[in-house]
Each structure stands twice: as structure tokens, then as C-alpha cells.
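Working notes, beginning with the structure itself.
Each chain gets a letter, A, B and so on, in the order the sequences are listed, and its residues count up from 1.
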There are 2 protein chains.
Amino acid sequence: MENQQIKQAGLKVTVPRVKILGILEHSGKRHLSAEDVYKELLRQDEEIGLATVYRVLTQFEGAGLVCRRHFEGGQSVFELNSGSHHDHLVCIKCGKIVEFVDSLIEDRQTAIAAEHGFRIEDHSLVVYGLCAGCQNAR
Amino acid sequence: MENQQIKQAGLKVTVPRVKILGILEHSGKRHLSAEDVYKELLRQDEEIGLATVYRVLTQFEGAGLVCRRHFEGGQSVFELNSGSHHDHLVCIKCGKIVEFVDSLIEDRQTAIAAEHGFRIEDHSLVVYGLCAGCQNAR
DNA sequence: AGCAAGATGCGAAAGATTTTCAGTTTACCA
DNA sequence: TGGTAAACTGAAAATCTTTCGCATCTTGCT
């Protein structure tokens with residue numbers, strides 16, 4: 001279970017880490033802010049500080065267990081690394097997030113980067129809009 | 001000159017606004033953070049506060065004169081609105097920024113958004129990597 | 001010139017994230 | 001199983017970027 005992933009990441013298996021990883025895995029939502037994780041910990045009556053949440057999430061990011069995304073609007077959201085890269089469609093009204101992958105876009109990005117002599121390390125494509133529901137709600 | 005653009009945006013023509021617009025237009029770089037603009041003002045011995053820089057840039061953004069971008073790494077950068085939308089290639093080492101446009105990618109985004117019932121309001125594609133120069137520098 | 005609306009500057013405030021530090025826990029080996 | 005160094009943690013303080021509150025100053029118009 002979680003313990004293995006943490007250990008393999010070269011980190012000690014501690015209560016905060018196990019709990020946080022558990023929340024990321026089992027909390028319905030795929031995208032959580034540090035604050036979201038913290039609130040969930042409080043709900044579970046865990047005595048874990050927000051600073052620790054940030055520390056752990058940052059370590060998980062470094063270990064490749066989670067990805068950090070900086071969408072518009074101040075805070076970052078973290079998601080479990082599902083192995084494959086993907087982009088996001090974000091509803092600017094209700095916050096709904098849809099993930100998608102499009103090889104055509106990926107290919108073009110690679111080609112464009114090459115044209116400019118860049119070696120890609122990472123990329124972020126976020127499309128902001130109104131989801132079906134919010135378009136109707138007037 | 002600048003005054004016209006400011007007036008047309010429905011804003012009073014004031015020293016800070018003229019100076020800031022001037023910096024955006026004539027400072028070699030196309031992408032400046034509020035801090036960059038502020039430093040340039042100091043260099044020119046202008047008594048303009050950082051709060052004003054943010055206020056003015058935000059107003060310019062609202063008026064469509066500039067675009068605000070939230071790249072990774074905390075601060076936002078502002079660029080003069082050149083009329084056409086474009087995406088960015090950012091060097092994670094030296095900060096170099098290359099702009100590009102690709103209609104194929106734009107089309108796919110529209111199609112994907114439509115598939116998910118979204119109406120696009122805006123989007124942001126940023127590719128992070130190492131530019132030619134930084135790949136060699138070891 | 002004179003006035004009202006709108007701007008500015010400054011310091012304080014806010015919000016997100018990071019660092020500091022002293023006390024606690026974990027991993028590991030005798 | 002106990003002992004210990006290294007790693008980890010919580011709470012508070014510190015940073016950093018951006019925004020606000022408010023008294024004062026400018027601009028645009030008469």
C-alpha cells in the first residue's frame with residue numbers, strides 16, 4: 001500500500017505522509033489544494049500542521065508521486081501522478097476540472113520547441129471556460 | 001502616442017500611467033513583472049509606488065492594453081497586448097521567453113472544449129524547457 | 001482659477017508558501 | 001529489545017507577491 005510508495009521515494013514512513021497520501025488517493029477529488037488536504041486532515045482529527053502538508057506535498061512532488069499545478073487564482077493544486085501527462089480544462093465559474101490528452105497537440109509542441117532549439121522539460125496547457133452547467137445557469 | 005491609448009481606455013492621463021506604458025513599450029523586453037517595471041521607474045528617478053504599478057497594470061489589463069501571465073514561480077508577468085493571442089516557450093534556466101502561435105493547437109483546443117461542453121473564455125499554454133544556449137552551458 | 005471625481009503614495013494587510021527551531025519519531029544495528 | 005543519529009514535525013515567525021485603506025494630490029472640465 002502507501003507505505004511502499006513512500007519508502008521507494010526515499011522518505012521515512014511517517015503518520016503525516018501516510019495520511020496525506022491516503023487522502024490524495026481516496027478523496028473523490030483528483031485535484032486538491034494544500035488547504036483542502038489540511039481541512040480533510042482536520043476532519044479526520046489529525047494533528048498535522050499546514051506547514052507539514054506543504055512540506056510533504058513538495059517532497060512528494062520531488063519524488064514524482066504528485067504533480068503540482070498553478071492554475072489562475074493564487075493557490076496551487078496537487079494531483080496524484082497518474083503516470084501519463086495530461087492537460088486541463090477548467091471551469092472559471094464552478095471550478096470543475098476535466099483532464100484530457102491530445103497527441104496532436106503534444107506533437108506540435110515538441111515540433112515547435114525543436115524549431116526554437118528548446119528541449120522540453122515540462123509543459124502546461126490550461127483552457128479556461130464555462131462548463132455546460134455554468135453556461136446555462138444564468 | 002501613449003496618451004491616446006490611455007485616454008481611449010477611459011482612464012485619466014497621469015504621470016504613472018504614461019511612464020509605465022512607456023516602459024512596457026520601450027524596454028527591450030516584452031515580458032515584465034510588476035517588480036521589473038517598478039525597478040525601471042526607480043532607475044528613472046520616478047516617485048511611483050509599487051502599489052500604483054500593480055494598480056495601473058491591472059487597469060491596463062482590464063482595458064485590454066496588456067495581458068497578465070501567470071507562469072510558474074510566483075510572480076506574474078505583463079506584456080503589451082499585440083492584438084493576437086499567442087503561447088509561450090519559457091527557458092527554465094535563463095528565463096528566455098519565445099512566443100509562438102499554432103493554429104493546429106488552437107483548433108484542437110476548441111474541438112476538445114466542445115467535446116466536453118465547455119465554452120472557452122481563455123487559455124494558457126506554456127512549454128517549459130531549456131533553450132539552446134542553456135542546454136550547452138553545463 | 002476652482003471643483004469634483006478619480007489617482008496616487010504609503011504603510012498596513014492579506015493570502016500562499018517557506019523557513020526556523022526545538023522537541024519528537026523513525027530506521028537501523030548491537 | 002534498547003539506543004541513537006538522522007530525519008521529521010508542529011507552531012510561530014518570516015517571505016513574497018499582490019491588494020487595501022485613507023489622507024493627499026491631479027486631472028479634466030467650467
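- Each of A:Y38 and A:R17 was matched to the nucleotide of DNA chain D holding its nearest heavy atom; the match closer to the 5' end belongs to A:R17.
- Legend: residues meeting ring-ring contact (aromatic ring centres under 6.0 Å, His included) with A:H88, ordered by chain and number and at least two apart, are A:H31, A:F71, A:H86.
- If you chain together ILVMFWY residues whose side-chain heavy atoms come under 4.5 Å of each other, A:L104 ends up in a group of its own.
- With sequence neighbours excluded, no residue forms a side-chain hydrogen bond (donor to acceptor under 3.5 Å, both in side chains) with B:T14.
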Nucleotide-resolved protein contact map, nucleotides 15-28 of chain D, B/S/- at heavy-atom distance under 4.0 Å: --SBBBB-----BS
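- In this structure, the side-chain hydrogen bond (donor to acceptor under 3.5 Å, both in side chains) partners of B:T58, at least two apart in sequence or on a different chain, are B:R68.
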Pairs under 3.5 angstrom only: tabulate donor-acceptor contacts from the side chains of residues 43-50 of chain A to other protein residues two or more places apart or in another chain.
from  : atom 1 : to    : atom 2 : distance (Å)
A:R43 : NH1    : A:E40 : OE1    : 2.3
A:Q44 : NE2    : A:E40 : OE2    : 3.1

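- Rotation axes derived from the C1' atoms of the five outermost pairs at either end of the helix from C:dA1-D:dT30 to C:dA30-D:dT1 lie 20° apart, to the nearest 10°.
- Where DNA chain C meets chain A (any atom under 4.0 Å from a heavy atom), the bounding nucleotides read 5' to 3' are C:dA16 to C:dA27.
- With sequence neighbours left out, B:H70 forms a side-chain hydrogen bond (donor to acceptor under 3.5 Å, both in side chains) with A:E72.
- Qualifying ring-ring contact (aromatic ring centres under 6.0 Å, His included) partners for A:H116, counting only residues two or more places apart in sequence or in other chains: none.
- Residues satisfying the side-chain hydrogen bond (donor to acceptor under 3.5 Å, both in side chains) test with B:N81, not counting sequence neighbours, are none.
- Heavy-atom minimum distance, A:L130 versus A:C91: CA-SG, 4.0 Å.
- Every pair passing salt bridge (charged side-chain N to carboxylate O under 4.0 Å, His left out) that includes a residue from residues 94-111 of chain B is listed here, sequence neighbours excluded: A:D102-B:R108, A:R108-B:D102, B:R30-B:E99.
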